[in-house]
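These numbers come from a predicted model, not from an experiment. Chain naming here is simple, since letters A, B, ... match the order of the sequence lines and numbering starts at 1 in each.
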There are 2 protein chains.
Amino acid sequence: MLHNAVMSNLMAQGMTTSSYAVLALLDLKPWTGYELTQQAQRSLRYAWPKSERLLYSEPKKLVELGYAKTHKELSGNRSRNVYEITPEGREALAKWTSTRTQPPRIEVEALLRLLFADHGSSEDLFRSLDELEEDINEHHQAIVELMASYLGGGHPFPQRTHLSVLFATFQIDIFKTIERWIEFARDEIAEWPTTQDLGMTPRTETITRLLANDQTPLNK
Amino acid sequence: MLHNAVMSNLMAQGMTTSSYAVLALLDLKPWTGYELTQQAQRSLRYAWPKSERLLYSEPKKLVELGYAKTHKELSGNRSRNVYEITPEGREALAKWTSTRTQPPRIEVEALLRLLFADHGSSEDLFRSLDELEEDINEHHQAIVELMASYLGGGHPFPQRTHLSVLFATFQIDIFKTIERWIEFARDEIAEWPTTQDLGMTPRTETITRLLANDQTPLNK
DNA sequence: TACACTATGCTGCACAATGCAGTAATGTCA
DNA sequence: TGACATTACTGCATTGTGCAGCATAGTGTA
């Protein structure tokens, strides 16, 4: 066991952005582990997608660090862990806001497949774009429906609606951009006789010239 | 040691998307480990951002699986590992193209901070947006310059220019969208008297209504 | 009423991936 | 000749994922 003085020096240890995300949820109200995983997957998915497994582990770490406390609740023969933020936790959260924001990270396997499309068929490439579209459409539709529910007063924390809506604006704009790009890409690829060795075609040169002047070939 | 027959059943084991990304690079030409990390970080960063550490490990795994072979090259007192794809590697790559494309994954810490901006100051929120803008601007500028270099014949694999340029169209479109959203968000937040408890203001309701109809409040 | 199926509510384990420190040789400029 | 950047990696601790497993509670249905 360590002295308190030593402990406080180690406090920041092990606190990842994911830890702060969970801590921020606990700042809203106490949650059970299960609720935390569900809530984090629904509301944070688009800003900070993390696995259920991690979301079960984070609150335990917060308790170890003294940023949360926990107790077991019983309903019948079954128990669940309830987590609650501590004053130290609130302090840690406040300090976090003044640290440097991590750069964004965008992983799109469909783009990787596009980059290496020349050792596959056009069909494979089209299918990959279809799959990307499918995934984006799903998220897009979900967030549009969420906004409709907010209009009916469906926000779980009504006083925080202004934040959620500004956040949703980002999502919808990104999704629309990706959907428009997919259509554009399909039209381009449809003109290709093959995926291989086309190089700098006249059409590609036109696009390159636009991009080099920081313009986009996408209509609207 | 396992029999060949058993080995081949285990072949797919341990092959991640990152493994296929490196294998696809090896399909273009043989590289040294160091070149592979540099090339992957420069060209794949925006589709599949992976650490240098991983990019050193992947080719070793490919050799173990029989998808690549390696030899040491000496220049003076110093050696480096050269990796080359095998026929089995090419086969594995071909099979990969017919598998399901992974859904995209977008991590933006600045959005997480926006979502929880109500336990911080407006200044913190503005700073977070500035930091996001800084990161995006950097990437945006880099890719515009890359396109200019392609016009001068600077593509390392000229016959693949059509793929790189279609890929770059995606990047530039996304970057422009994010930059426009940041400006929009700044204007909105500037109108807020505080970050807390504003809830469904008339302005927020207008935006929510637009989003629920799958429209965007962003001009242009 | 028995049965299946879904939702709740987790934990353990193997493995994927990151970040950082460390090591060592070569090239470059002042 | 000395400092510093670049080339060329490896080891290790820690973060994060995916899957399997386990147990209870509720819900529909034949």
Just checking Lys60(A): base, sugar-phosphate only, or nothing, at a heavy-atom cut-off of under 4.0 Å?
sugar-phosphate
Nearest to the side chain of Glu52(B), which nucleotide is it out of dT18(C), dC10(C), dC9(D)?
dC9(D)
Heavy atoms only, 4.0 Å cut-off, all strands: where does Glu58(A) land among base, sugar-phosphate and nothing?
sugar-phosphate
Value in whole Å for how far the C1' atom of dT11(C) lies from NZ of Lys61(A)
17 Å
What is the distance, rounded to the nearest whole Å, between atom CG of Leu74(B) and atom C1' of dT7(D)?
15 Å
Atom pair OG1/CZ of Thr216(B) and Phe184(B) - distance to nearest 0.5 Å:
7.0 Å
Gap between atoms CZ and P, on Arg42(B) and dT6(D) respectively (whole Å):
13 Å
Glu73(A) atom CD is separated from dT24(D) atom C1', nearest whole Å, by 16 Å
For the helix from dT1(C)-dA30(D) to dA30(C)-dT1(D), measure the angle between the helix axis at one end and the axis at the other, each built from five pairs, rounding to 10°.
30°
For Asn77(A) and for Tyr34(B), locate the closest nucleotide of DNA chain D by heavy-atom distance; then report the residue assigned to the nucleotide nearer the 5' terminus.
Tyr34(B)
Hey, what's the ring geometry for Tyr46(A) with Phe175(A), parallel, tilted or perpendicular (30° and 60° as the breaks)?
perpendicular
So what does Arg80(B) hit on the nucleic acid, given a heavy-atom distance under 4.0 Å: a base, only sugar-phosphate, or nothing?
sugar-phosphate
Just checking Lys72(A): base, sugar-phosphate only, or nothing, at a heavy-atom cut-off of under 4.0 Å?
nothing
Nearest nucleotide by nearest heavy atom, which residue falls closer to the 5' end of DNA chain D, Gln38(B) or Gly76(A)?
Gln38(B)
Calculate the interatomic distance between Tyr83(B) atom OH and dA8(D) atom P; express it in whole Å.
13 Å
Interatomic distance, Lys50(A) NZ vs dT18(C) C1' [rounded to whole Å]
11 Å
Name all pairs fulfilling the salt bridge (Lys or Arg N to Asp or Glu O under 4.0 Å) condition that reach into residues 15-39 of chain B, sequence neighbours left out, sorted by first residue then second.
Asp27(B)-Arg90(B)
Of the nucleotides dC9(D), dG16(D), dG9(C), which one has an atom closest to the side chain of Tyr56(A)?
dG9(C)
Nearest-nucleotide comparison on DNA chain C, the residue closer to the 5′ end among Arg53(A) and Arg78(A)
Arg78(A)
Tell me, with the steps shown, if Lys61(A) and Glu64(A) meet salt bridge (Lys or Arg N to Asp or Glu O under 4.0 Å).
CA-CA 5 Å; Lys61(A) 197 169 67 183; Glu64(A) 268 179 53; over 6 Å; no
Nearest-Å distance for atom pair CG/C1', residues Leu54(A) and dA14(C):
16 Å
Treating Ser98(B) as the side-chain partner and Ala94(B) as the backbone partner, does any N or O pair qualify as donor plus acceptor under 3.5 Å?
no
Distance check: side-chain N/O of Thr16(A) vs OP1/OP2 of dG16(D), anything under 4.0 Å?
yes
May I ask you to decide if the ring planes of His155(B) and Tyr150(B) are parallel, tilted or perpendicular, using 30° and 60° as cut-offs?
tilted
Are Asn81(A) and dG9(C) close enough that a side-chain N or O sits under 4.0 Å from OP1 or OP2?
no
Rounded distance (Å) that lies between atom P of dA8(D) and atom CG of Leu55(B)
16 Å
Are Arg113(A) and Thr99(B) close enough, and set up right, to give a side chain to side chain donor-acceptor pair (under 3.5 Å), and what steps lead you there?
CA-CA 11 Å; Arg113(A) 287 169 187 253; Thr99(B) 60; 3.0 Å; yes
Does the structure place the NZ or CZ of Arg186(B) under 6.0 Å from the centre of the six-membered ring of Trp181(B), at an angle of no more than 45° from the ring's axis?
no
At 4.0 Å (heavy atoms only), tell me whether Pro49(B) reaches a base, stays on the sugar-phosphate, or touches nothing.
sugar-phosphate
